[in-house]
Amino acid sequence: MPDRGRRQAGSRVDAVRTCIGSRRRATRSSLLRLVALGDGRVVADPKAVMPGRGAWLTPTVEAYELAVKRRAFRRALRLDREPDTSAVLEYLRSLPEVEPHHTDTSTRDEHPDTTEQAERLMDN
């Protein structure tokens, strides 16, 4: 019988969140937390410590554009009107470009895709 509620000593399981843009599940550490401020702006919270309701986004411009198209910021942050998300876009554009995943099978076997890991965690 699987031991669902217990972790081995020293192991740490990262929480799983859903990106508001792509709707894909991923570990919390691989997503960017966003927070709505009282003045109607949404800002990036890279350390995930700001107070208030947060939403999670894959840190890419593509995911941001999907979230804007879906009007996901307002819904996820439970706001009364469409927020100003320009600060989030500026933050994403300031991030260094990430190289695509390597297709080398040895690397893939050693480090499985984070989305795949997250889905397995959610199924347990």
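For Asp80, the CG atom counts as loosely surrounded, since its 6.0 Å shell holds 12 or fewer non-hydrogen atoms of other residues, nucleotides or ligands. For Arg71, the CZ atom sits in a loose shell: 12 or fewer heavy atoms of surrounding residues, nucleotides or ligands are nearer than 6.0 Å.
Minimum heavy-atom separation, Tyr64 to Ser86: OH-N, 4.3 Å. Taking each heavy atom of Thr18 and Arg25 in turn, the nearest pair found is OG1-CG, 3.6 Å. Across all non-hydrogen atoms, the minimal contact from Leu34 to Ala44 is CD2-CA, 4.0 Å.
Under a hydrophobic clustering in which Ile, Leu, Val, Met, Phe, Trp and Tyr are joined whenever their side-chain heavy atoms come within less than 4.5 Å, directly or via other members, Leu66 and Ile20 fall into different clusters. With hydrophobic clusters built from ILVMFWY side chains whose heavy atoms lie under 4.5 angstrom apart, Leu77 does not share a cluster with Leu31.
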Checking Leu79 against Phe73 for the side-chain contact (heavy atoms from CB on, under 4.5 Å) test, could you report, in this order, the C-alpha distance in whole Å, the side-chain angles of both residues, the deciding distance, and whether it holds?
CA-CA 8 Å; Leu79 301 172; Phe73 291 100; 5.7 Å; no
Does Leu37 form a side-chain contact (heavy atoms from CB on, under 4.5 Å) with Val43? I'd like the steps, not just the answer.
CA-CA 7 Å; Leu37 302 178; Val43 295; 3.8 Å; yes
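In this structure a side-chain-to-backbone donor-acceptor pair under 3.5 Å is present from Thr60 to Ala63. Although no hydrogens or angles enter the test, the distance criterion places no donor-acceptor pair under 3.5 Å between the side chain of Ser22 and the main chain of Cys19.
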Can you give each donor-acceptor pair under 3.5 Å made by side-chain atoms of residues 45-59, sequence neighbours left out, with the distance rounded to 0.1 Å?
{"unit_1": "Asp45", "atom_1": "OD1", "unit_2": "Ala48", "atom_2": "N", "d": "3.2"}
{"unit_1": "Asp45", "atom_1": "OD1", "unit_2": "Val49", "atom_2": "N", "d": "3.2"}
{"unit_1": "Asp45", "atom_1": "OD2", "unit_2": "Arg33", "atom_2": "NH1", "d": "2.7"}
{"unit_1": "Asp45", "atom_1": "OD2", "unit_2": "Val49", "atom_2": "N", "d": "3.0"}
{"unit_1": "Asp45", "atom_1": "OD2", "unit_2": "Met50", "atom_2": "N", "d": "2.9"}
{"unit_1": "Arg53", "atom_1": "NE", "unit_2": "Ala76", "atom_2": "O", "d": "3.0"}

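Considering only heavy atoms from C-beta on, Val42 stays 4.5 Å or farther from Val35 through its side chain. The shortest distance between side-chain heavy atoms of Leu92 and Leu32 falls below 4.5 Å.
Under the salt bridge (charged side-chain N to carboxylate O under 4.0 Å, His left out) criterion, Arg17 pairs with no residue, sequence neighbours left out.
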